[in-house]
Visitor: 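The following block contains the structure, expressed as structure tokens.
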Number of protein chains: 2
Amino acid sequence: MLTAMTDTPARLLNLLSLLQTPREWPGSELAERLEVSPRTIRRDIERLRDLGYPVQATMGAVGGYRLVAGTAMPPLLLDDEEAVAIAVGLRAAAGHAVGGIEEASVRALAKLVQVLPSRLRHRVSTLNEATVPLLRGDGPTVDPEDLTLLAAAISNRERLRFGYRAVDGAESKRLVEPHRLVPAGRRWYLVAYDNGRDDWRIFRVDRITEPFATGVRTPPRELPAEDAAAYVAAKFSRLTPSFRAVATVHAPAEEVLRRFPRADEVLPLDERSCRLQSREDSLEWLAMRLLMLGCEFEVHEPPELAGHLRALGARATRATAGGPG
Amino acid sequence: MLTAMTDTPARLLNLLSLLQTPREWPGSELAERLEVSPRTIRRDIERLRDLGYPVQATMGAVGGYRLVAGTAMPPLLLDDEEAVAIAVGLRAAAGHAVGGIEEASVRALAKLVQVLPSRLRHRVSTLNEATVPLLRGDGPTVDPEDLTLLAAAISNRERLRFGYRAVDGAESKRLVEPHRLVPAGRRWYLVAYDNGRDDWRIFRVDRITEPFATGVRTPPRELPAEDAAAYVAAKFSRLTPSFRAVATVHAPAEEVLRRFPRADEVLPLDERSCRLQSREDSLEWLAMRLLMLGCEFEVHEPPELAGHLRALGARATRATAGGPG
DNA sequence: AGAACGAGGACAGGATCCGGCCTACATCGC
DNA sequence: GCGATGTAGGCCGGATCCTGTCCTCGTTCT
């Protein structure tokens with residue numbers, strides 16, 4: 001990693017890095033690598049333990065040290081490839097809907113890209129371009145890059161400048177104090193105090209263009225609501241277009257539940273079929289997911305979903321018409 | 001984070017953690033938090049810089065310190081939620097095919113789970129269960145949990161015990177010295193020295209059951225090949241079922257390339273259409289991806305792909321037949 | 001112009017760190 | 001059971017480094 005190791009703190013950091021490898025290190029080997037006496041290694045290990053890092057030692061002839069799970073996260077020391085892998089994985093996780101950790105994903109990503117060396121940064125962006133295409137049923141997708149910028153601005157309490165495209169298409173320039181990011185389904189909302197309007201506003205992140213952190217720090221401002229998520233929910237619960245789909249699926253309920261973990265309801269009808277209720281903000285996306293189940297199903301509601309499926313079916317059939325068959 | 005801060009190395013670690021927050025810290029505030037004089041803080045900052053961590057300072061009245069991108073990855077200090085988010089994201093990235101960083105993903109994941117506190121561990125597994133279902137066109141999927149176990153055993157040089165289900169369905173018990181994990185398409189292979197057979201073997205990870213690290217460490221063994229990936233490629237190039245698909249897509253070549261970054265070839269035919277050649281190990285999966293393009297296309301080869309598409313189209317049409325329309 | 005902040009030199013006293021030596025204990029292979 | 005090899009940790013002397021308190025200087029914002 002780093003060059004010479006004449007410094008105690010540097011050595012401790014390095015030791016932590018070595019111990020993080022999922023292998024076991026004999027003290028003598030550590031001493032050699034860090035160029036200190038074995039006695040010093042023992043003292044360093046003791047120090048790490050005092051600091052709360054759970055260094056486990058296996059006694060005996062083939063013993064050694066290793067870092068095990070403790071009560072707190074130790075600092076992760078990653079090599080280049082691992083850092084890139086994490087950045088790419090996080091970007092994917094932050095963009096798509098995953099459980100309820102979207103916001104934490106974005107925070108972690110912001111933390112990582114802040115310190116990511118530039119030579120790795122362009123590797124990440126290259127890989128990201130190769131990663132996006134899989135899903136995204138339709139509609140505007142949020143750019144994880146923007147998300148991390150917003151997240152960084154929030155925790156840095158920096159004022160933010162961006163262009164905003166309203167629902168009617170009108171463009172406007174905004175200067176805001178960002179307060180919180182709120183994920184909702186496959187959408188993201190930014191809760192911020194709009195310095196131009198002198199009031200709190202909610203912005204859909206996919207409508208934000210060219211966000212730019214001004215670098216100007218502002219004192220924290222109190223949101224007139226208990227929770228940013230609640231604030232967004234109260235304002236937007238009726239505005240988000242959302243469809244309730246109902247379908248009968250000819251597969252065991254548990255199988256369907258495994259593939260639709262966020263379904264509103266999966267009612268078993270009999271051993272081999274069930275009724276599925278799901279809510280998605282994109283019908284195309286929903287149609288695709290039903291088709292991906294790989295089993296027979298019938299759509300009951302809404303009629304638009306049936307329309308989408310018919311279109312998909314027709315397209316698939318057309319695609320084979322000109323073939324050599 | 002940690003309690004008292006009377007120790008220099010501990011203070012430096014803590015300082016690094018504070019600086020990692022994407023906000024800016026005035027020296028005075030750091031001095032207060034770490035309970036040392038501002039002069040010492042300045043000295044600590046200087047040390048971090050000597051160690052290679054690029055601490056940036058903004059001069060002037062509202063100045064402060066922050067950690068920026070440098071040439072090496074600093075140790076990442078994550079809070080609980082961020083750690084969980086990374087674990088979940090990595091698991092997803094390791095399971096699906098992402099660029100060429102599958103192996104690094106697994107390594108990073110192994111590193112992380114090794115030190116992940118147990119209270120977070122079960123949160124991760126809960127979230128993982130809700131994450132899997134999206135894609136997986138067909139066929140057996142590799143369990144990322146197994147992958148991390150194998151990766152850990154490899155870097156720890158620990159002997160491994162597992163059950164293996166051969167192609168013909170025969171079950172066998174194996175005791176091996178794991179050497180390397182090789183991702184190939186959406187499959188994973190384990191290159192290992194089989195202690196029972198006294199020879200090198202290649203195992204498909206999705207056929208491995210109940211892997212178990214024995215804890216017995218073995219000296220490294222030399223693979224009779226230059227590279228594990230090459231070794232696998234040489235043995236398996238003809239065994240992996242792989243189809244070359246050819247289709248005409250009515251969309252600009254660049255658009256298609258964006259969604260099929262791993263396509264063998266995308267030849268523009270005219271402004272609005274192109275010829276796509278792609279190789280996938282699952283025709284169902286390929287059919288789905290073509291359909292997800294959201295534009296018209298015609299399949300030329302292979303006939304089986306056309307068959308799959310016809311089946312999909314028929315299923316989609318049937319799904320709408322019983323509806324209220 | 002003044003305030004707030006980072007950068008850094010000089011210095012003296014004291015804390016810390018290191019290596020070497022010792023003993024005690026656990027584990028594995030023979 | 002014995003020896004080899006590993007961790008665990010006490011003690012000590014000497015070298016090193018670290019800290020707080022001065023100080024000055026350059027930068028930036030108000």
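Sequence lines set the chain letters: A, B, ... in the order given, protein chains first and strands last, and positions in each chain run from 1. Keep in mind that this is a model prediction, so the values were computed, not measured.
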Visitor: Rounded to the nearest 0.5 Å, what separation is found between the CG atom of Leu13(A) and the CG atom of Leu12(B)?
Guide: 8.5 Å
Visitor: Within a radius of less than 6.0 Å around CZ of Arg161(A), do more than 12 heavy atoms belonging to other residues, nucleotides or ligands occur?
Guide: no
Visitor: Are there any protein N/O atoms within less than 3.5 Å of an N/O atom in nucleotides 9-11 of chain C, and if so, which ones and at what distance?
Guide:
| residue | atom | partner | partner atom | Å |
| --- | --- | --- | --- | --- |
| dG9(C) | N7 | Arg39(B) | NH2 | 3.4 |
| dG9(C) | O6 | Arg39(B) | NE | 3.0 |

Visitor: Expressed as a whole number of angstroms, how long is the span from Ile41(B):CD1 to dT21(D):C1'?
Guide: 16 Å
Visitor: Please report the distance, rounded to the nearest Å, between CD in Glu29(B) and P in dC5(C).
Guide: 10 Å
Visitor: Over the length of the helix from dA1(C)-dT30(D) to dC30(C)-dG1(D), how much do the five-pair end axes diverge, rounded to 10 degrees?
Guide: 60°
Visitor: Provide the closest heavy-atom pair for Leu150(A) versus Pro211(A) in the form atom of the first, atom of the second, distance.
Guide: CD2-CB, 4.2 Å
Visitor: Between dG6(D) atom C1' and Tyr65(A) atom OH, what is the distance in whole Å?
Guide: 8 Å
Visitor: In whole Å, what is the span from the CG atom of Asp50(A) to the P atom of dT16(C)?
Guide: 13 Å
Visitor: To the nearest angstrom, how far is Arg49(A) atom CZ from dA8(D) atom C1'?
Guide: 8 Å
Visitor: Taking atom CD1 of Ile86(B) and atom CG of Leu78(B), what is their separation to the nearest 0.5 Å?
Guide: 4.5 Å
Visitor: CG of Leu34(A) versus P of dG19(C): gap in Å, rounded?
Guide: 11 Å
Visitor: Within the supplied structure, the quantity of interest is the number of heavy atoms (other residues, nucleotides, ligands) at a distance under 6.0 Å from Glu171(B) CD; does it exceed 12?
Guide: yes
Visitor: What's the CD-C1' distance between Glu24(A) and dT27(C), to the nearest Å?
Guide: 12 Å
Visitor: Answer yes or no: does a side-chain N or O of Thr40(B) lie under 4.0 Å from OP1 or OP2 of dG20(D)?
Guide: yes
Visitor: Is the phosphate of dC18(C) approached by Thr8(A) (side-chain N or O, under 4.0 Å from OP1 or OP2)?
Guide: yes
Visitor: More 5' along DNA chain D: Ala57(A) or Asp44(B), using each one's nearest nucleotide?
Guide: Ala57(A)
Visitor: Identify the two heavy atoms, one from Leu181(A) and one from Ile154(A), that lie closest to each other, and give their separation to 0.1 Å.
Guide: N-CD1, 3.7 Å
Visitor: Can you sort out the partners of Trp200(B) under ring pair (Phe, Tyr, Trp, His ring centres under 6.0 Å), two or more places apart, ordered by chain and number?
Guide: His179(B), Tyr193(B)
Visitor: Between Arg197(A) and Arg174(A), is there a side-chain heavy-atom distance shorter than 4.5 Å?
Guide: yes
Visitor: Provide, to the nearest angstrom, the distance between the CG atom belonging to Leu12(B) and the C1' atom belonging to dT16(C).
Guide: 14 Å
Visitor: Give me the one residue out of Leu76(A), Leu48(A), Val55(A) that meets side chain to side chain contact (heavy atoms under 4.5 Å, CB included) with Leu16(A).
Guide: Leu48(A)
